[in-house]
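As the structure is a prediction and not an experimental result, all values here were calculated from the model.
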Amino acid sequence: MLRRGVSLLVLAFLGVVLVAYASSRSDARRPDATPPTGGTFRIVFAPPEQLDSMDPAIANTQASWSLLDLTCARLMTYPDKPGKSAYRLAPEVAASPPKVSRDGKTYTFTLRRNFRFSDGKPVDARAFARSINRTLAPGLRSLGTRYMEDIVGARAVQSGRARSASGVIAHGYRLTIRLVQPLGDLPARTSMPFFCAVPPNLPADPEGRGAFPGSGPYYVDEYRPGQRIVIKRNRYYRGKRQHYVDGFSVDLTAASPQEVLDRIENGSADWGIVPPPLYFAPERRLVEKYGLNKGQFHVRPGFTFRGFVLNTSSPLFRGNLRLRQAVNFAIDRKAFGAGNLGSRLTDQVLPPSLPGYVDAKIYPLREPNLAKARQLASGHLRGGKAVLYVNDLPLTLGVGQTLKQQLSAIGLEVDVRGIPGPALPTRLSTPGEPFDMTFLVTPNVDYYDPYAFLNLLFESRFIGRTNWSNLRSPKYDRLLRAASHLRGKARLRAYGRLDVQLARDVAPIAAMAYITEPTLVSKRVGCILLRPALDLETACLKD
């Protein structure tokens, strides 16, 4: 499962990654091997990577989505396969890819008839219609609504004028979705938990629902917020997803990420989620103890983006393309812990591993070009002062100080201001907030499509939600929306061009790197599949 959310909470997520990823034999499945079955897989979570909800309409953290992947059946999904195959969309409850009308505005899904909830009731089209309408319900304030706003009637549900979207039509095992305008990535959007099949009568509770019938291989049997979750097998499941353990016990009481790692190492837990820099703390010696990609400790190319957002609406950067470009030329990306063997330097937003990416080599990656930066900045400093917002934690404050030192070389004085983590997104979303830059870490995307990287970050309709650069450009709004209407290779080509144009001709972000995804498991965990995080569903237990 993906690390979820273009959740733009700026986390203390910076650190020097010291090792490389390598190919792993654990990703390959021997056709003659029979994985062991049974047992309870033990999971432990702690802040800041904590579980927020088990309600698919509300959940928006990696911890929550990793568990929902076990309990949710979706129209389309990304298969449990290694390598690039993991990023190729495939039908799950849908019997085949949807039929699309000639104008691209109507998608019709025909459903398989063998899916059942854990209470034995059928998973039919009403289950998906309900998931969409629940997510749109105004009381839930779901982040998933951003992916449903183009459905006919969605805004009426959001405003409370209707209980269901007129563009969502369920008839037996056929689901029809009508759109206001074409969306080439609608099938990919249905792979998210926001579109998870739920019981047709499930209420839209602002507090969220925990234990209710699951549609996937497992279901939540018990949910005590802040304490524990018990997940058991869905005995009615007849889908094709492989699953081996009897269930999962999830401990939500760990006090710190360090405790999560301690428990995995001492064998009292099998897996948990930890901020990546902590895996590489010298005192852990994980590579020395376990090797790399040999059994317990693994590193894979990830989709976690790091960079500096430039506020295009601030007096400093508004209409000041030359200074925004100057920042990109002045940054020494390696000085931020990027560019080691465990991360890949970048000057663009689309990840290098995503289909459609074009390496345009716009800004220097290995060392800054101060001569070019000073030339661009000359006459465009507008007083020479900039305000940088960062999370008020030591690591991110250190990031700010490094940037301050680097930009002083072009005559820009940076005022680094630490903002408490929970308050930072609100501050960034407030119109007229007096910041010029912020440090951005996206813990990963919601699904593998360029829309989740470019549209959400740069379309003006997402200002105050995910567009922290406050870019308001009719030209790029038009181009981004046009790209979102396309499908197939034409879509990928259009987004590849847009990624280059935005970085070169607009420069609303100074991109730095995509870093890797580390995973540590206990010695009893087998059948390890990384996509790039651990696939819980296909994991097995050796004893």
Drop me the distance from [X]'s [atom1] to [Y]'s [atom2], to the nearest 0.5 angstrom.
X: Arg146; Y: Thr135; atom1: CZ; atom2: OG1; answer: 12.0 Å
X: Met148; Y: Ile132; atom1: CE; atom2: CD1; answer: 5.5 Å
X: Asp52; Y: Ile58; atom1: CG; atom2: CD1; answer: 8.5 Å

Does the [X] side chain pair with the main chain of [Y], one donor and one acceptor, at a distance under 3.5 Å?
X: Tyr476; Y: Val506; result: no
X: Arg241; Y: Asp80; result: no
X: Asp477; Y: Glu459; result: no

Lys/Arg-Asp/Glu bridge criterion (N-O < 4.0 Å) met for [X], [Y]:
X: Lys361; Y: Asp347; value: no
X: Glu222; Y: Lys232; value: no
X: Lys105; Y: Asp103; value: no
X: Glu433; Y: Arg427; value: yes
X: Arg461; Y: Asp150; value: yes
X: Glu537; Y: Lys240; value: no
X: Asp124; Y: Arg174; value: no

Between Tyr389 and Phe439, ring centroids under 6.0 Å: no
Please confirm whether the ring centroid of Phe117 lies under 6.0 Å from the ring centroid of Tyr236.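 No, they do not, as the ring centres are separated by 6.0 Å or more.
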Six-ring centre of Tyr223, Arg209 cation under 6.0 angstrom, axis tolerance 45°: no
Parallel, tilted or perpendicular: which fits the ring planes of [X] and [Y], with parallel below 30° and perpendicular above 60°?
X: His243; Y: Tyr237; answer: perpendicular
X: Tyr448; Y: Phe303; answer: tilted
X: Tyr447; Y: Tyr147; answer: perpendicular

Derivation of the ring-ring contact (aromatic ring centres under 6.0 Å, His included) call for Phe128 and Phe195: CA-CA 7 Å; Phe128 294 100; Phe195 291 84; 9.0 Å; no
Is it the case that atom CD in Glu149 sees more than 12 heavy atoms from other parts of the structure closer than 6.0 Å?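 For Glu149, atom CD is crowded (more than 12 foreign heavy atoms under 6.0 Å).
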Is it the case that more than 12 heavy atoms not belonging to Arg126 sit under 6.0 Å from its CZ atom? no
